Colleague: 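Have a look at this one before I ask anything.
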2 protein chains.
Amino acid sequence: MPANRRTTLKDLARELGVSTATISNAFNRPDQLSPALRERILGTAKRLGYGGPDAKARSLRTGRSRIIAVILAESLTYSLNDAVASEFLSGVAEVLDNRGHTLLLLSSRQTQAQIPGSASMADGFIVYGLIPSLALLESLPSQSPLVSVDFDIAGRPTVHVDNEAACHAIAAHALRTPAKRPGIINLRLTATPLNGRISSDHRLLPPERTITRSRLSGFHRALGEAGVDTEQVPMWNIEENTFEVCAPVISEILDLPASERPDLLLCMSDRIALTVVTMAEQRGLRIPEDLRITGFDGIAEGQYRAPRLTTVRQNSVEKGRIAARIILGLAPAEPSLLATELLIADSCP
Amino acid sequence: MPANRRTTLKDLARELGVSTATISNAFNRPDQLSPALRERILGTAKRLGYGGPDAKARSLRTGRSRIIAVILAESLTYSLNDAVASEFLSGVAEVLDNRGHTLLLLSSRQTQAQIPGSASMADGFIVYGLIPSLALLESLPSQSPLVSVDFDIAGRPTVHVDNEAACHAIAAHALRTPAKRPGIINLRLTATPLNGRISSDHRLLPPERTITRSRLSGFHRALGEAGVDTEQVPMWNIEENTFEVCAPVISEILDLPASERPDLLLCMSDRIALTVVTMAEQRGLRIPEDLRITGFDGIAEGQYRAPRLTTVRQNSVEKGRIAARIILGLAPAEPSLLATELLIADSCP
DNA sequence: TCTGCTAACTTAATCGTTCCAGACCCCATC
DNA sequence: GATGGGGTCTGGAACGATTAAGTTAGCAGA
């Protein structure tokens, strides 16, 4: 026996003169053996440097790995820096942690149509956000539990919020004070990537390909009800919810001649809205007098400093918790619709 | 054979009348069999819904799981929302991704002295930040590769920056303009948790228990060189690098009578420094005229809006990349010291 | 004394691969 | 025609556990 081989359950059994089954029971089912023997086993285990049953072997034998994979639509770099995704993940992690499971993080990179082999040992998959490639979904073990978040996969449970209703609500609130020139800043709405003004030439992604399409519907419905011709409402598109990508588009908007510059901007994320706030202040615009701004998500950062953001709060942490509970079988595997909350603050009172 | 059992390599072999070894080779070593047979195997595999060798079985047989675990000192909730930790993770993820490995996320919860069993199947461990419990480190498989980040574990490779030198540099820069009342806002420096002013009664954590101790040394050395009596420099402590925890302490500082209020604040993180900026502005203080502020980390958010932060930039993404490379054996398992860069901007020109 | 039951262990099959050590065949070379 | 060497493919022993089913001993109850 090679000296550097790690100690196994079998070594322990030989050393103690008991069967491997008993050792296994000592670690997994204390009621199956006498306390005295169990003590002896645990003691010898420590002495021999045996750290408990090998996780790889156990997972093969039992068929379960106690690992749950979260597949993020965006790159890890982006997702980890996005407040909403981070909150979601921490909700997932909280539940998993409490049940002795661990979190495997994957991002769906456009370039690859398969998850890495190692990920397929996960006991379940949480797919967060719309995955670029359907092939990737098909590469997942077909009988593993799977829950989608913020989009639908036929026949699978999903966790989401009513984006249309929430956006209708916030826009309706905003429009109680009439706006001369309302505008909308969208997130990933056009069929081809675009950062800037959306003209009538641009095709939009179909509703099943982007969550923001239903946000737009909500905005439009409220605008229509307020007697605004939605065709006349200017729209801009932003591809990635980061400061760097938002900033140039927002410059373009705020640097319009005053007669064309919107006095109300409905934004599809708090990140966008906050960037608008910052850049508007730099230009000496008064909020909300010169420009009213609404966001979406309800991230903490939006409430730190004045003007606090008027926005729709969605509970991303809870979303994560629910997704995790469904995957672990602690909650029924059925669609779950979370409530949203209108948060009315300084940026659009 | 039960109908719902998942297809295995053996089933495929039987179906095709070849040995399991050949099937295995078809998936793992294409050069070991004729292209024609390989095609036939892959075709039948698809037809039978066989998605390739089972990851659990493979990991048992080969002894490697292609999973790397990252153990975070703080809770996942905190870490995922902290820009520095997020950047670090994205660096790790980038390298792992490219080499077909996946990322298992763990946080060292104070309450538990063991990692969850499932995590022990990881091929290597990256320990980020000072772990509260040593027992946890001991529970890791002793022969697995391990690299520590931002702190030392005897006999293990580590990735870090020279905190003392970096803090000396930024403080020395700041003090080229004399400060009447310099102050220091520390991060997790006291032996017992404290949010507020540090008095001479408080014991500090020993240097081996906190990275910020060496940051403080750097500050003190520069202050000494500038002829300041470091004993007289007021210090505050903050336990967690979040807005919520920082804010009350910073209020306390900024609301001091003008004659006692610092005119230079050396902060141990950008998060702290940015909160100071925000709260100082709210109080009508001019930056840098009334108050100069330095940070540490160089997070992107610090450069978004005026006044941009004077800080030490450390490349957290690169830290992650290097840690990952060491763990994967792509870089030698030796301590790695990353350079930092002084970023001089508006908050302390 | 016999029966039956329980507590405490053991036996041995099994999980799905990987990979070493051959075996076989075909073809080129001497 | 014998020899040797690739190129292909096979057999079967691990890998390190879990667990259903079986064994034994001890003891209570009739």
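Keep in mind that this is a model prediction, so the values were computed, not measured. Letters A, B, ... are given to chains in the order of the sequence lines, protein chains preceding strands, and every chain is numbered from 1. Any value given below was found using the heavy atoms of this structure, including those in side chains, with hydrogens, waters and symmetry copies removed.
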Colleague: Expressed in angstrom and rounded to an integer, what is the separation of A/Leu12 atom CG from C/dT10 atom P?
Modeller: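 Taking atom P of C/dT10 as the reference, CG of A/Leu12 is at 13 Å.
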Colleague: Only pairs at least two apart or in different chains count here, so list each side-chain hydrogen bond (donor to acceptor under 3.5 Å, both in side chains) that has a residue in residues 62-71 of chain B.
Modeller: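 Of all non-adjacent pairs touching residues 62-71 of chain B, those that pass side-chain hydrogen bond (donor to acceptor under 3.5 Å, both in side chains) are B/Ser65-B/Asp123.
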Colleague: Is the side chain of A/Ser144 donor-acceptor paired with the backbone N or O of A/Phe125 at a distance under 3.5 Å, no angle test?
Modeller: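 Not confirmed, A/Ser144 side chain does not pair with A/Phe125 backbone.
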Colleague: Looking only at non-hydrogen atoms, find the nearest pair between B/Leu328 and B/Arg99 and report the distance.
Modeller: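 Heavy atoms only, the tightest pair is CD1-CG, 3.7 Å.
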Colleague: Under a 4.0 Å N-O cut-off, is there an ion pair linking B/Glu94 with B/Arg325?
Modeller: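 Judged by the 4.0 Å cut-off on N to carboxylate O distance, B/Glu94 and B/Arg325 do not form a salt bridge.
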Colleague: Check whether any side-chain N or O of B/Tyr50 sits under 4.0 Å from OP1 or OP2 of C/dT17, and answer yes or no.
Modeller: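 Result: yes.
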Colleague: I need the CZ-P distance between B/Arg64 and D/dG16, as an integer number of Å.
Modeller: 15 Å
Colleague: What nitrogen or oxygen pairs link the protein and nucleotides 25-28 of chain D at under 3.5 Å?
Modeller:
none

Colleague: Please tell me which of B/Gly52 and A/Gln32 maps to the more 5' nucleotide of DNA chain C, matching each residue to the nucleotide holding its nearest heavy atom.
Modeller: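 It is A/Gln32, whose closest nucleotide lies nearer the 5' terminus.
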Colleague: Give a yes or no on whether the backbone of A/Asp82 and the side-chain of A/Ser86 come within a donor-acceptor separation of less than 3.5 Å.
Modeller: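 The answer is yes, because a donor-acceptor pair under 3.5 Å joins these two groups.
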Colleague: Can you tell which of A/Arg47, A/Arg40, A/Lys10 makes a salt bridge (Lys or Arg N to Asp or Glu O under 4.0 Å) with A/Glu15?
Modeller: A/Arg47
Colleague: Kindly point out which of D/dG11, D/dA17, C/dA8 is positioned nearest to the side chain of B/Ser19?
Modeller: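 For the B/Ser19 side chain, the nearest candidate turns out to be D/dG11.
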Colleague: How many Å lie between CZ on B/Arg14 and P on D/dG11, as a whole number?
Modeller: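 Answer to the nearest Å: 13 Å.
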Colleague: Side-chain N or O of A/Ser34 versus OP1/OP2 of C/dC9: is the shortest distance under 4.0 Å?
Modeller: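 So the side chain of A/Ser34 is within the cut-off, an N or O lying under 4.0 Å from OP1 or OP2 of C/dC9.
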Colleague: What's the CG-P distance between B/Leu33 and D/dT10, to the nearest Å?
Modeller: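 Spelled out: CG on B/Leu33 to P on D/dT10 is 10 Å.
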Colleague: Assess whether a salt bridge exists between A/Glu334 and A/Arg156, defined as any Lys/Arg side-chain N lying under 4.0 Å from an Asp/Glu carboxylate O.
Modeller: no
Colleague: B/Gly17 near the nucleic acid: base, sugar-phosphate alone, or nothing, with a heavy-atom cut-off under 4.0 Å?
Modeller: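 Result for B/Gly17 = sugar-phosphate.
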Colleague: What is the distance, rounded to the nearest whole Å, between atom CZ of B/Arg6 and atom P of C/dG16?
Modeller: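 For the pair B/Arg6 CZ and C/dG16 P, the rounded distance is 8 Å.
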Colleague: Hydrogens and angles aside, do B/Ser75 and B/Ser107 bring a side-chain donor and acceptor to less than 3.5 Å of each other?
Modeller: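 The criterion, which ignores hydrogens and geometry beyond distance, is not satisfied for B/Ser107 and B/Ser75.
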Colleague: Starting at CG of B/Asp54 and ending at P of C/dT18, how long is that distance when rounded to a whole Å?
Modeller: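 Going from CG in B/Asp54 over to P in C/dT18 covers 9 Å.
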Colleague: Rounded to the nearest angstrom, tell me the gap between atom CG in B/Leu37 and atom P in D/dG7.
Modeller: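 B/Leu37 atom CG is separated from D/dG7 atom P by 17 Å.
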Colleague: Within this structure, what is the CG-to-P distance between A/Asp11 and D/dG16, rounded to whole angstrom?
Modeller: 9 Å
Colleague: Tell me, with the steps shown, if B/Phe151 and B/Tyr128 meet ring-ring contact (aromatic ring centres under 6.0 Å, His included).
Modeller: CA-CA 8 Å; B/Phe151 76 110; B/Tyr128 181 76; 9.3 Å; no
Colleague: Below 3.5 Å between N/O atoms, which protein atoms pair up with nucleotides 18-22 of chain D? Just atom names and distances, please.
Modeller:
| from | atom 1 | to | atom 2 | distance (Å) |
| --- | --- | --- | --- | --- |
| D/dT18 | OP1 | A/Asn28 | ND2 | 2.9 |
| D/dT18 | OP1 | A/Arg58 | NE | 3.0 |
| D/dT18 | OP1 | A/Arg58 | NH2 | 3.1 |
| D/dT18 | OP2 | A/Ser24 | OG | 2.5 |
| D/dT18 | OP2 | A/Asn28 | ND2 | 3.2 |
| D/dT18 | O2 | A/Arg61 | NH1 | 2.7 |
| D/dT19 | OP2 | A/Arg29 | NH2 | 3.2 |

